[in-house]
Amino acid sequence: MTSTAQELHPAPTLEPGRTILELNGLEKRYPGTHALKPVHLAFKAGEIHAIVGENGAGKSTLIKLLTGVMPRTSGEVIWEGKAEALATPYEAMALGINAVHQEVVLCRHLTVAANMFLGEEESRFGLLQQRAMVKDAQKIIDGLGFDLPAHVVLGDLTIGQQQLIAAARATVRGTKFLIFDEPTAYLTRKEADQLFKLIRRLKGEGVTIIYISHRMEEVFELADRVSVLRDGTLVGTRNITETDEAELVKLMINRSIEQIYHKEHFTPGATIVETKNLSGKGFENVSVTVRAGEIVGLYGLIGAGRSEFVTTLYGRHRKSAGQILWQGKEVQVNSEHDAIRLGMALAPESRRDQGLCLNLPVGMNLNLPIYKRISSNFLISGAKEKAEADRQIADLRIKTPTRHALASSLSGGNQQKIVIGKWLAHGAKLFIFDEPTVGVDVGTKAEIYRLFSTLLSKGAGIILISSYLPEVYELADALHVFRRGKLVATHGFRTASHEDILGQALAEKQEKSGGQI
Amino acid sequence: MSTEAIPAERSKRNFNALFGLTLLGLLLLMWIVLAFATPSFATTLNITNLLRQGSLIAILAVGQTFVIITGGIDLSVGAVVGFTTVIVALLINAGWPIWAAVLATLLVGVAIGLFHGFGIVKMGLPPFIITLATMTSLRGIGLLMTNGNSISINSDPFQAFSRGSLLGIPYLFWMVILVAIPSYVFLHHTRWGRYLFSVGSNAEAARLSGVNVPRTIFMAYILSGLLAAIVGVLLASRIGIGNPTQGDTYELQAIASSVIGGTSLFGAIGSVHGPLIGSFILSTINNGANLLNVNTFWQRVITGLLIIVIVYFDGLRRRGK
Amino acid sequence: MSTEAIPAERSKRNFNALFGLTLLGLLLLMWIVLAFATPSFATTLNITNLLRQGSLIAILAVGQTFVIITGGIDLSVGAVVGFTTVIVALLINAGWPIWAAVLATLLVGVAIGLFHGFGIVKMGLPPFIITLATMTSLRGIGLLMTNGNSISINSDPFQAFSRGSLLGIPYLFWMVILVAIPSYVFLHHTRWGRYLFSVGSNAEAARLSGVNVPRTIFMAYILSGLLAAIVGVLLASRIGIGNPTQGDTYELQAIASSVIGGTSLFGAIGSVHGPLIGSFILSTINNGANLLNVNTFWQRVITGLLIIVIVYFDGLRRRGK
Amino acid sequence: SAADVTIPIIVKDTTSFYWQIVLAGARKAGKDLGVNVPELGAQAETDVNGQISILENAVASNPAAVVISPTEFKALGKPIDEAASKVKVIGIDSGADSKAFTSFLTTDNVQGGRVAADGLAAAIGAANGGKVEGKVALITALPGAGSLEQRKQGFIEQIKAKYPGLELVADKYADGQATTGLNIATDLITANPDLKGIFASNLIMAQGVGQAIAENNLGGKVALIGFDSDEKLIKFLNDGVISGLVVQDPYRMGYDGIKTALAASKGEKVEANVDTGANLVTKDNMKDPKIDALLNPKLK
Ligand SMILES: Nc1ncnc2c1ncn2[C@@H]1O[C@H](COP(=O)(O)OP(=O)(O)OP(=O)(O)O)[C@@H](O)[C@H]1O
Ligand SMILES: Nc1ncnc2c1ncn2[C@@H]1O[C@H](COP(=O)(O)OP(=O)(O)OP(=O)(O)O)[C@@H](O)[C@H]1O
Ligand SMILES: [Mg+2]
Ligand SMILES: [Mg+2]
């Protein structure tokens, strides 16, 4: 921890168990959406309080009200016995409340260090202490065990790495009350463990923590209490020791799910795509085969090179060596266009940067890849446009007032559903899903996995990248493990243990000349 | 961020219409006020004048809007107008039939648009820079071709066009309609229009979704160049000369019309009817001020203030939604 | 997207210096070529002229860069220059001491910047619109004040300033240095400078971090207005008159200098040295063409082409990194 | 009654001082004659289309007559024909390709250019012991402005015809800005240290170029002829920075334009062509009452 950060916010001196923050009928209406119906909830000092709920249940909205990002419609927020306006983020920060927001909101043009200290710069005689800040930022990052440089420009990092920076940054600021809105969405187990260690340490220091996640095991691992939101209503708060996953899911979605990971096995058909020693920026010598009817999983730590591999396969980046065989014939994929023409579809990992046109309507986002098909004589068929969009909205249960709402007005998980949904009607042969279920709730996850099966049954093949090991583990027919740009191991369906796979992805010891991240 | 003027889909379309209507409402309000304030405003002669005067910028504003929707800007349109008056004048004076001279001139506009697309897509230049460079160079080339003089066009039928009317509506305004209808269909009802929006919203996402981003950018600038060349031909017909210094600051008027009409300079938000209304709002201000005999200096002051007021209220209304 | 010219931090700083150097390299190359091509280029007299000629746009370009870094644009600067020549001329002729007249004029620049900040932050107007409106109105107000006349300034000391030199360097260029150094420190070494970048990069993120976004925007436009007023005073000193139509198209030259100097019109990328070099590249083109007695029309063609070539190669080099 | 009579006057560029004097003359005539005189004009001399629109608007308001100074000879021809079919049109300053003018009060700009050449030659002669030879330059404010092209034409013709010793080494266009005129002039002086004279063919250019000469202390060494006059240029003339100014009679043009228009609108017979003249003003003759009246028009 930097000395400056602690000077800015005096260390918390709270007796545990006391109510530190109370929501008194907190309510939020957006135009067209009643996102949060009056909520009453008290947070105890020093607890880790999980909040769960379906996509669009109002979790992020609650956080935005608490941190002064959005004005509330009505209700009170009582901080240490006193009603606070919390009209601006600055007010919240001054109280010692801070959050890691779901969509990583940092400045991509600034360096990591500049982002860490944005708004709280160290300066002397009015001049920025740039070197000192880089050093201090590095110290904070290293102290948290994140292997990241502080002097690089944020935009050069992968989305997962950015997420870590956002977490590191918030911990410096939220000295009394810290909120994590799906912080592990893009993280692998290793980074998540580092984060959990950090969270427990903060709890030990008396910081109150709200933890939002769609991963139930994390909730049970970390939280003291858990609250469930459904459709903007608080439907219950439980001590973690007095509940179980089934109950929470039931509370969340008002029905129960017997089985999340829906796995059907199909007899593999012909080879759809094969890479031979494919190399490119960020990965080398990767040979992978995908056959009709199978899911090929790629697992690895952040920055292992999986995304680079699939975007190169997809023609977005140049390969430097190796071959791509499409249905047995060597092909040159020089652009996404070539890839799509061959029959590939890619749902990219960063929905904000690569996946969505945020200020366009949901319907347009969903139909973007298929406008050619739903036009005739140059004109777009309005009926088909409507039908296709509405079908995806219904199938994926995208929570939106209409297909005309802007993508930016959807909750994070619902945005993610658009990224996936836009390809489902496209009729591709090879689907590449890069972190497809980031921020997606349990119910919809099950839905998506069922859709995978439908795709497979139609003779398509799938490449599935996930940093969430259980997902690839339970779904992949062939599981490839990446480490620092190399394919280091391959397993069949559930043929290795979690520990083995994690070990192979980590394996720091065997690594001799590990490259820089 | 406002949400209007996005490609018309059903209920959105109502919204759009409403938006258009309300800016249109402002325009109508100005007309009503002027009709009461000055006896000469609501005369056939004056309405004809007004329609003629707004036409040129209106057409430019539509082309500019295509470009702005992709997140770009075309500073060259004024220079293209001036340059193409010279081309069409030279060709007509060289004895080409009018249709051939006009066609060739429009191709020059297309070529300029192609060049811009090339500079942006292939050379990676910022749109501001490549179109600024064209603006400077084209005026120079035009001046070289004419040696700084005006070229008188020796064709009465060519000039008659801009003075004529059909059904009481001047040909110049018919040209606006002729441009606006296909532009509207193109922008709001074809996939190319959708692609313009998607590129302006997030080029990377559009690309990964299979949109041919380079081609889309080429298309926007070619359309802008083509429409500017059309305006050049119309202007040549109206003033009867080819002169490369004409059309000065038209780019600014076109951009302003577009923005007044609700286009966002950050891309992905815009329509066809908005810029049309925007340009007629600007010409109404000028026309009204002339009729009311407002001092020309005051006229400038008032124009500036009115722009602020109009865009402010329009913004209020849109945020209110 | 390029990543340069971000607030100077360690390794980035080297990069920045390199970037500046290479555009500077281009400028030096032009100078060397001109020194060989024409005997009069490398004379003290001409270098003095060149420094004087580039100074005004250079100062404007710095102010413009502050605004562009926040993702905005200031189209009014040319009009502010013209308007403030009038103000300073009137005040001096009214018998105010020079220092008081200058100070009051600078305050006018600040007030205009304040007005822009108000329009953008409080009224929610797009920067393009509010500054375009000011540009139109200010010229009108200036013309009303002068009745279209030029006001001859009755003060020889005031005019002497623009002609004088110190250590062989014209005062006008000293003014550039006097503006550039604090601007550099401000932009790259204070938190305010950093806030400009953060607002341009992601205003929402900046706000969430406790950056006072409205104040930052106010600051950028006030600085731009202030620097434009300084240029107005210098211009009045140089041409000895107050005339509201002066400074026409300076906004375009300032923006072009800024963009040539590596500023991104999408915000968050820019520096102080880039625009300075950019503006001197533009003045060198004009100066060289005059000395070589290039036909004025060719001069325009060449300027356009050179802008394309320079920005293209600069882009190549930067992408290469 | 006369108070209901409206006669708009449309000039080329309301922002220039020259045209403001024309408007002042017209305003005075309006007061004297009891005529309502809207003062209209394009925003720049090159804005031909803008002026056509203004003419159209003026005619739409049913005036008794229109006084106009066409920005472009050919371009305003047809619109003036059209306007003349509804009202009487009086031309001032410059011509247009139309036979419809009821009366025409003009300064011959080509003649003005010739006068400038004579003035420049005289000044060079005076400074070099009678030898009229050496390098001269011409700076035009803007390309594409009719009257400036005519001045240029007259100047070049006259130099060629009468002064074989003078060599026109540079023929430059600026962008209408005094500063650009100043920059071009300093560069020309740098490139041609033996430059003998410059003709800056309008008000704003003369201001910029005059400043260049003052800045380099070349008054008397480089002769400068300007066109039109204002306080600043008169000061330059007094200080010896400027050798001479070609001055027209804009005030009279405005005044007589309205007067003639009123007469024509009443059906009285008016003179078809009036030349209001162009005079060379130097330090020697500037105190003549006639010249003094030209230099100091009664603006208010
Ligand atoms: N800016 C906005 N404008 C309009 N509606 C919004 C806006 N932001 C959120 N909403 C709506 O409010 C509701 C709650 O959204 P919120 O982001 O709080 O959900 P969430 O519980 O965080 O979901 P997720 O798990 O998907 O992140 C959703 O229906 C969403 O569409
Ligand atoms: N734009 C970039 N510039 C520089 N390096 C990059 C860039 N994008 C990715 N990298 C680097 O390429 C390598 C592979 O990254 P990639 O995104 O493919 O990894 P990944 O396995 O998908 O991990 P993640 O879960 O973070 O997406 C990493 O070292 C990363 O830092
Ligand atoms: Mg959320
Ligand atoms: Mg990845």
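Letters A, B, ... mirror the listed sequences (proteins, then strands); counts begin at 1. For clarity, every value in this text was computed on a predicted model and none was experimentally measured.
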Exercise. Would you give the length of the straight line joining atom NZ of Lys78(D) to atom OG of Ser162(B), rounded to the nearest 0.5 angstrom?
Key: 9.5 Å
Exercise. Test side-chain contact (heavy atoms from CB on, under 4.5 Å) on Thr245(B) and Leu142(D) and set out the steps.
Key: CA-CA 9 Å; Thr245(B) 63; Leu142(D) 284 174; over 6 Å; no
Quiz item: Does Arg238(B) come within less than 4.0 Å of Glu72(D), counting only side-chain N to carboxylate O?
Solution: no
Quiz item: So with a 6.0 Å cut-off around NZ of Lys259(D), is the heavy-atom count from everything else above 12?
Solution: no
Self-check item: Donor on one side chain, acceptor on other, Asn57(D) and Gln53(B), under 3.5 Å
Solution: yes
Self-check item: Side-chain donor-acceptor pair present, Arg300(B), Thr14(D), cut-off under 3.5 Å
Solution: no
Quiz item: From Ser150(B) OG over to Phe73(D) CZ, what is the distance, rounded to the nearest 0.5 angstrom?
Solution: 11.5 Å
Quiz item: Just wondering, are more than 12 heavy atoms of other shown residues or ligands nearer than 6.0 Å to NZ in Lys160(D)?
Solution: no
Quiz prompt | Interatomic distance, Gln20(D) atom CD to Phe297(B) atom CZ [nearest 0.5 angstrom] | solution = 4.0 Å
Practice problem: Tell me, for Leu50(B) versus chain D, whether the close heavy atoms (under 4.5 Å) come from the side chain, the backbone, both or neither. | Solution: neither
Quiz item: What part of Asn243(B) lies closer than 4.5 angstrom to a heavy atom of chain D: side chain, backbone, both or neither?
Solution: side chain
Quiz item: Which region of Pro79(D), side chain (C-beta onward) or backbone (N, CA, C, O), has a non-hydrogen atom less than 4.5 Å from a non-hydrogen atom of chain B, or is it both or neither?
Solution: both
Quiz item: OG/Ser53(D) to CG/Asn49(B) distance, rounded to the nearest 0.5 angstrom?
Solution: 8.0 Å
Quiz item: Do Asn46(B) side-chain atoms and Ala60(D) backbone N/O form a donor-acceptor pair below 3.5 Å?
Solution: no
Practice problem: Name the region of Phe41(B), side chain, backbone, both or neither, that has any atom closer than 4.5 Å to a heavy atom of chain D. | Solution: neither
Quiz prompt | From Glu56(D) atom CD to Thr48(B) atom OG1, the distance as rounded to the nearest 0.5 Å | solution = 9.5 Å
Quiz item: If you round to the nearest 0.5 Å, how far is CG of Asp97(D) from CD1 of Ile241(B)?
Solution: 11.0 Å
Exercise. Count the heavy-atom pairs under 4.5 Å between each of Asp47(D), Ile54(D), Val48(D), Leu76(D) and chain B, then report the option with the highest count.
Key: Val48(D)
Quiz item: Given that the side chain runs from C-beta out, which part of Asn49(D) has a heavy atom under 4.5 Å from chain B: side chain, backbone, both or neither?
Solution: both
